Amino acid sequence: MHGHREHSNNSIMTISQLAKSAGIKTETVRYYQRIGLLRTPGRPGHGFRSYDDGDALHLRFIRHGRTLGFTLDEIAALLRLSAADCKEAEKLATERLAAVRAKLADLQRLETALLHTVSECRRRQPHAGCPLIEVLLADG
């Protein structure tokens with residue numbers, strides 16, 4: 001991603017236009033620059049930083065990676081890879097998939113516990129204690 005800049009028909013953008021093109025906040029763009037995930041262009045004669053379509057593509061790559069649950073470190077690793085490094089990208093994606101599946105299993109266990117508790121709440125007798133409160137007070 002770093003070396004792929006097409007300069008013909010390239011849009012020139014300010015940082016706010018760049019952020020808007022990717023659907024993120026300007027502060028997020030600056031944060032990505034501070035941590036080295038996104039380049040910080042110089043200030044040419046007009047005095048403000050100019051961004052181009054390559055920067056917008058790079059930023060959308062980062063945003064999409066975050067949407068898929070990749071950490072910023074993992075996204076940085078993916079950005080360093082070339083198209084020929086598909087095995088390494090596959091390894092990162094497989095690790096992310098395992099983490100998502102573990103989170104899903106945790107959520108399914110939580111769903112089952114909450115369904116049981118809600119069912120108990122609905123079946124409780126008048127003047128009986130609240131099953132949810134009792135579950136929360138119980139020793140783990």
Side-chain angles (χ1 to χ4, degrees):
M1 301 265 347
H2 287 291
H4 303 274
R5 293 214 187 278
E6 212 34 67
H7 289 291
S8 60
N9 296 329
N10 230 353
S11 301
I12 301 300
M13 296 169 266
T14 64
I15 192 169
S16 62
Q17 291 168 327
L18 175 69
K20 185 176 181 180
S21 77
I24 63 172
K25 295 179 180 179
T26 303
E27 296 81 28
T28 304
V29 174
R30 288 189 179 107
Y31 174 70
Y32 291 162
Q33 290 174 327
R34 274 195 311 276
I35 64 171
L37 203 54
L38 185 68
R39 78 179 184 101
T40 303
R43 295 180 191 264
H46 48 70
F48 61 88
R49 298 186 196 286
S50 297
Y51 300 86
D52 60 27
D53 294 336
D55 295 311
L57 178 64
H58 193 115
L59 194 54
R60 284 193 301 275
F61 181 93
I62 296 167
R63 184 183 52 100
H64 193 210
R66 295 293 290 152
T67 301
L68 291 175
F70 287 98
T71 66
L72 292 177
D73 287 341
E74 290 167 335
I75 291 169
L78 287 169
L79 285 168
R80 286 189 297 269
L81 298 175
S82 70
D85 293 327
C86 194
K87 278 287 188 201
E88 187 61 28
E90 178 186 354
K91 178 179 176 249
L92 284 169
T94 300
E95 290 169 0
R96 178 58 33 214
L97 180 60
V100 166
R101 286 180 172 159
K103 187 180 280 188
L104 281 172
D106 288 344
L107 288 172
Q108 287 172 336
R109 282 190 292 278
L110 179 58
E111 178 188 34
T112 299
L114 286 170
L115 281 171
H116 175 72
T117 303
V118 167
S119 175
E120 291 294 314
C121 285
R122 289 182 180 153
R123 289 196 314 244
R124 83 178 173 90
Q125 300 297 316
H127 308 293
C130 174
L132 175 60
I133 302 300
E134 290 172 8
V135 165
L136 294 175
L137 289 173
D139 290 335

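What you see is a predicted model, and the numbers here were worked out from it, not measured in a lab. All values below come from the heavy atoms of this structure, side chains included, with hydrogens, waters and symmetry mates left out.
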Which residues satisfy the side-chain contact (heavy atoms from CB on, under 4.5 Å) test with [X], sequence neighbours excluded?
X: Val118; value: Arg122
X: Ile133; value: Cys130, Leu137
X: Gln33; value: Ile15, Val29, Arg30, Leu38, Thr40, Pro41, Tyr51

| query | For the side chain of Gln17 and the backbone of Thr14, is there at least one donor-acceptor N/O pair under 3.5 Å apart? | reply |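 Indeed, once roles are kept as given, a pair shorter than 3.5 Å links the two residues.
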| query | Between the side chain of Thr94 and the main-chain N/O of Glu90, is any donor-acceptor distance below 3.5 Å? | reply |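 Answer holds: yes.
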Roughly how far, to the nearest 0.5 Å, is [atom2] of [Y] from [atom1] of [X]?
X: Thr67; Y: Ile62; atom1: OG1; atom2: CD1; value: 12.0 Å
X: Leu59; Y: Asp53; atom1: CG; atom2: CG; value: 12.5 Å
X: Arg60; Y: Asp55; atom1: CZ; atom2: CG; value: 10.5 Å
X: Leu115; Y: Leu110; atom1: CG; atom2: CG; value: 9.5 Å

Minimum heavy-atom separation for [X] to [Y], with atom names?
X: Arg96; Y: Thr71; answer: NH2-CG2, 3.9 Å
X: Gly65; Y: Ile75; answer: C-CD1, 3.7 Å
X: Arg39; Y: Ser50; answer: NH2-O, 3.8 Å

| message | Taking Leu92 as the starting point, is it possible to reach Val100 by hopping between hydrophobic residues whose side chains are less than 4.5 Å apart? | response |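 In one cluster with Val100: Leu92, no.
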| said: If hydrophobic clusters are built by linking Ile, Leu, Val, Met, Phe, Trp and Tyr wherever their side-chain heavy atoms come under 4.5 Å apart, do Leu78 and Leu97 end up in the same one? | reply: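 Shared cluster, no.
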| query | With the threshold set at 4.0 Å, does a side-chain nitrogen-carboxylate oxygen contact exist between Arg109 and Asp106? | reply |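 Here Arg109 pairs with Asp106 in a salt bridge, since their nearest N and O are under 4.0 Å apart.
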| field | Step-by-step side chain to side chain contact (heavy atoms under 4.5 Å, CB included) determination, His58 to Leu79 | value | CA-CA 9 Å; His58 193 115; Leu79 285 168; 3.4 Å; yes
| request: List the steps and the verdict of side chain to side chain contact (heavy atoms under 4.5 Å, CB included) for Arg66 and Leu72. | output: CA-CA 7 Å; Arg66 295 293 290 152; Leu72 292 177; 3.5 Å; yes
